[in-house]
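Below is one structure, written out as C-alpha cells; the observations come after it.
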Amino acid sequence: KFILARLLPIFQSLPIDAAAPHVMVGCAPDELHVIGPLMLSILLRDAGYRVEYLGPDIPLDDLAEFICEDTPRLLILSATLKESAAAMAGFSALLRKCKQPPVFGFGGSAFIFNRELIGRIDGVYLGPSLHQTIEIVHDLIPLKPAKKKSA
C-alpha cells in the first residue's frame, strides 16, 4: 500500500495531452497486482500518451463494452497469475465487435513464467520488461513529433 500511495499521486500529477493517442492500462480478471500496470501508466503518460489507468480485476465483458464506447487506440492488460492470463484468451473476439477496435497488448509475469500462454492470446505480447513494453508501444502507436516553437 505504501508504494501504491506514492505512485498514484505521481500518475495524477502528470499533464494530460488531449490530442495524444489514447491508451488504457489495467489488470486482467482476478488480478490484483497493480504496481506494474500503474508504473507503466506513469511512464506512458510521461512519454506523452493520454493514459487512462483502469485498475485491478477488470471483468472482460464490461471492459469490451466500455472500450467500444470510449475507443482508445491501445488497450494493455497485465497478468501475474496464470489463470488471469488464460482468461484473456478470447478477449480479442469481443474487441473486434467494436467499430474501432483498439490494438490489444498484454504482458506481466504470468507470461514470463508460462511462455506457452503468449501464443494463446490474440494480441501483442509487450515483452518481459517495462523498457521493452515502452519501445513496443512507441512502435505500435507512435507519438507525433512536438512542434518546434519559433523564436
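For the numbers below, each heavy atom of this structure counts, side chains included, while hydrogens, waters and symmetry mates do not. In this chain, numbering begins with 1 at the start of the sequence shown.
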*Look at atom CD1 of Ile3 and say whether more than 12 heavy atoms of other residues, nucleotides or ligands are closer to it than 6.0 Å.*
no
*State which residue, out of Leu63, Val23, Val103, fulfils the side chain to side chain contact (heavy atoms under 4.5 Å, CB included) condition with Leu75.*
Leu63
*Hey, any chance Phe104 and Ile141 share a hydrophobic cluster, counting ILVMFWY side chains that come within less than 4.5 Å of each other, even indirectly?*
no
*Supply the atom-to-atom distance Phe111 CZ to Ile121 CD1, rounded to the nearest 0.5 angstrom.*
4.5 Å
*Specify the closest pair of heavy atoms between Pro101 and Cys98, including all atoms of both residues, with the distance to one decimal.*
CD-O, 3.3 Å
*Could you state whether Ile76 and Leu94 fall into the same hydrophobic cluster, counting links through intermediate Ile, Leu, Val, Met, Phe, Trp or Tyr residues with side-chain heavy atoms under 4.5 angstrom apart?*
no
*Rounded to the nearest 0.5 Å, what separation is found between the NE2 atom of His138 and the CG atom of Leu140?*
11.0 Å
*Check each of Ile10, Val51, Val25 against Ile42 using the side chain to side chain contact (heavy atoms under 4.5 Å, CB included) test, and report the only one that passes.*
Ile10
*Angle class for the Phe106/Tyr125 ring planes (parallel below 30°, perpendicular above 60°, tilted otherwise)?*
tilted
*asked:* Please find the pair of heavy atoms, one from Leu117 and one from Ala110, that lie closest to each other, and give the distance.
replied: CD1-O, 3.9 Å
_Euclidean distance, Arg45 CZ relative to Ser13 OG, rounded to 0.5 Å_ = 8.5 Å
*asked:* Measuring from atom NE2 of His131 to atom CD1 of Ile136, what distance do you get when rounded to the nearest 0.5 angstrom?
replied: 10.0 Å
_Rounded distance (nearest 0.5 Å) linking atom CG of Leu95 with atom CD of Gln100_ = 13.0 Å
*asked:* Hydrophobic clusters here meaning ILVMFWY residues chained together by side-chain heavy-atom distances under 4.5 Å, can you tell me if Met24 and Leu40 are in one?
replied: no
*Do the side chains of Leu54 and Leu38 join up, straight or via other hydrophobic residues, at under 4.5 Å, putting them in one cluster?*
no
_Nearest non-hydrogen partners of Phe91 and Leu77, listed with the distance_ = CE2-CD1, 4.1 Å
*Please name the pair of heavy atoms, one in Lys97 and one in Cys68, separated by the smallest distance, quoted to 0.1 Å.*
C-SG, 4.4 Å
_To check you understand the geometry: which heavy-atom pair defines the closest contact between Leu81 and Asp30, and what is its length?_
CD1-O, 3.6 Å
*asked:* With side-chain hydrogen bond (donor to acceptor under 3.5 Å, both in side chains) as the rule and sequence neighbours excluded, what pairs involving residues 72-81 come up?
replied: Glu31-Thr80, His33-Thr80
*Does Arg96 pair with Asp122 as a salt bridge, N-O distance under 4.0 Å?*
yes
*Considering all heavy atoms of both residues, which atom of Pro37 and which atom of Cys27 are nearest to each other, and what is their separation?*
CG-SG, 3.7 Å
*Answer whether the closest heavy-atom distance between the side chains of Val137 and Tyr49 falls below 4.5 Å.*
yes
*asked:* Looking at Glu116, I'd like to know if its CD atom is crowded, meaning that more than 12 non-hydrogen atoms belonging to other residues, nucleotides or ligands lie closer than 6.0 Å.
replied: yes
*Any side-chain heavy atom of Asp17 within less than 4.5 Å of one from Arg50?*
no
*Count the heavy atoms of every other residue, nucleotide or ligand shown that sit under 6.0 Å from CD of Gln132, and state whether that count exceeds 12.*
yes
_Please say yes or no: joined through hydrophobic side-chain contacts below 4.5 Å, possibly via intermediate residues, are Leu8 and Ile58 part of one cluster?_
no
*Approximate separation, where rounding is to 0.5 Å, of Phe11 CZ and Met39 CE*: 14.0 Å
